[in-house]
Amino acid sequence: MRGVLDQVHAAVEPMIGAGRVADYIPALSTVDPKRFGMAVATVDGETFGVGDYRQPFSVQSLAKVFAFALTLAVDGDRVWGRLGREASTQPFNSLVQLEQDLGIPRNPFLNAGALVTTDRLLTLTGDAAGALRTFLSTESGNTSVDTDLEVASSELAHVHRNAALAHLVASYGNLDNAVADVLDHYVRQCAIAMSCEDLAAAALFLARGGTGADGAALLDREATKRLNATMLVCGMYGGAGEFAYRVGLPAKSGVGGGIIAVVPNRCVVCVWSPGLDACGNSVAGVAALEAFTSITGWSVF
Ligand code: GLN
């Protein structure tokens with residue numbers, strides 16, 4: 001596996017630094033676009049990495065997968081009544097899409113869907129951001145996982161669009177908590193900093209049919225199948241079709257430049273490189289996952 005990762009790294013070297021680093025959250029704009037890391041955590045408990053795979057970065061929308069999984073784990077299927085599972089070609093923060101969908105976010109990985117998830121998690125736990133941090137610490141085995149407060153306050157100072165989404169959801173009666181509380185917890189979830197190594201380990205339950213780090217069922221097999229399927233269809237936003245074509249794995253991206261991809265019954269791969277394409281997906285990250293599945297032949301197809 002180490003040889004595979006070295007091959008992948010060499011293949012994507014010319015693409016590292018391509019794309020645009022997210023700057024609508026000012027604290028993210030200072031990250032060096034030349035960073036690249038990739039880690040593989042196998043279902044047998046081995047971890048491999050290359051480049052900056054131990055460097056923490058801002059998880060951003062990667063948090064949406066974990067928050068949604070945690071909500072399903074605590075609350076069963078109930079949250080599905082408040083959001084859908086269809087792809088959207090609109091940007092992840094689209095108000096138009098939410099208006100068309102009458103306040104029922106089209107899927108859990110659009111910002112509107114993640115706001116609904118956070119709202120439910122806040123009702124269920126009283127501390128959505130804290131519950132997610134504990135979950136990520138437990139599953140990754142790293143107790144120092146935490147929110148980067150500088151990133152959180154930077155996003156909160158520019159939260160207008162997410163605030164608009166939350167208010168629109170609320171106007172349709174699909175939010176139980178106060179908009180300000182939901183936004184605060186959502187932003188603190190997105191601002192969690194983790195490395196590729198820790199993220200790959202934390203997401204392993206998705207490759208193990210829902211079995212968590214302690215060997216107990218976090219999600220049942222059916223729920224895990226459905227979550228992976230939703231990632232395949234919606235996890236890469238408007239780039240989901242192209243990503244499925246090139247990579248062939250369920251995945252989720254974040255504007256911090258991270259991508260988590262699941263190879264069921266084998267491993268989870270997490271890659272990080274901050275330069276983004278027009279959909280908000282890491283350019284070098286997508287290329288690295290394409291090289292990875294081409295070299296290994298590991299795909300769900
Ligand atoms: N925190 C970011 C936002 O709400 C997450 C977006 C993303 O990573 N795609 O805009």
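In listed order, ligands and their atoms are each counted from 1.
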query: For ligand 1, which part of Val255 has a heavy atom less than 4.0 Å away: the side chain, the backbone, both, or neither?
result: both
message: Could you check whether Glu86 pairs with Arg106 (Lys NZ or Arg NE/NH1/NH2 to Asp/Glu carboxylate O, under 4.0 Å)?
response: no
message: Would you say that Tyr53 contacts Cys270 through its side chain, given a criterion of any heavy-atom pair below 4.5 Å between the two side chains?
response: no
message: Suppose I only count heavy atoms of Cys190 and a 4.0 Å limit; which atoms of ligand 1 are within that range?
response: 1 (N)
Atoms of ligand 1, numbered as shown, that sit under 4.0 Å from any heavy atom of Tyr24: 2 (C), 3 (C), 5 (C), 6 (C), 10 (O)
field: Protein residue, atom and distance nearest to atom 7 (C) of ligand 1, heavy-atom basis
entry: Ser61 OG, 2.5 Å
message: List ligand 1 atoms under 4.0 Å from Asn162, heavy atoms only on the residue side.
response: 3 (C), 4 (O), 10 (O)
statement: Among His158, Gln60, Met236, Lys252, the residue with a heavy atom nearest to atom 2 (C) of ligand 1 is Gln60
- request: Between Arg161 and ligand 1, find which residue part has any heavy-atom pair under 4.0 Å and reply side chain, backbone, both or neither.
  value: neither
query: Any cation-pi pair here, Arg85 with Trp80, using under 6.0 Å and within 45°?
result: yes
- prompt: Do Val255 and Leu28 touch side chain to side chain, with heavy atoms closer than 4.5 Å?
  reply: yes
- line: A student checking ligand 1 against Gly254 at a 4.0 Å heavy-atom cut-off should list atoms 8 (O)
field: Parallel, tilted or perpendicular: ring planes of Phe109 versus Phe68, cut at 30 and 60 degrees
entry: perpendicular
task: Compare Phe109, Tyr186, Tyr237 and give the one whose heavy atom is closest to atom 4 (O) of ligand 1.
output: Tyr186
query: Looking at Arg188, His185, Gln189, which hits side-chain hydrogen bond (donor to acceptor under 3.5 Å, both in side chains) with Thr118?
result: Gln189
Ring geometry between Phe205 and Phe135 (parallel below 30°, tilted from 30 to 60°, perpendicular above 60°): perpendicular
query: At a 4.0 Å threshold, what atoms of ligand 1 neighbour a non-hydrogen atom of Glu155?
result: 1 (N), 2 (C), 3 (C), 4 (O)
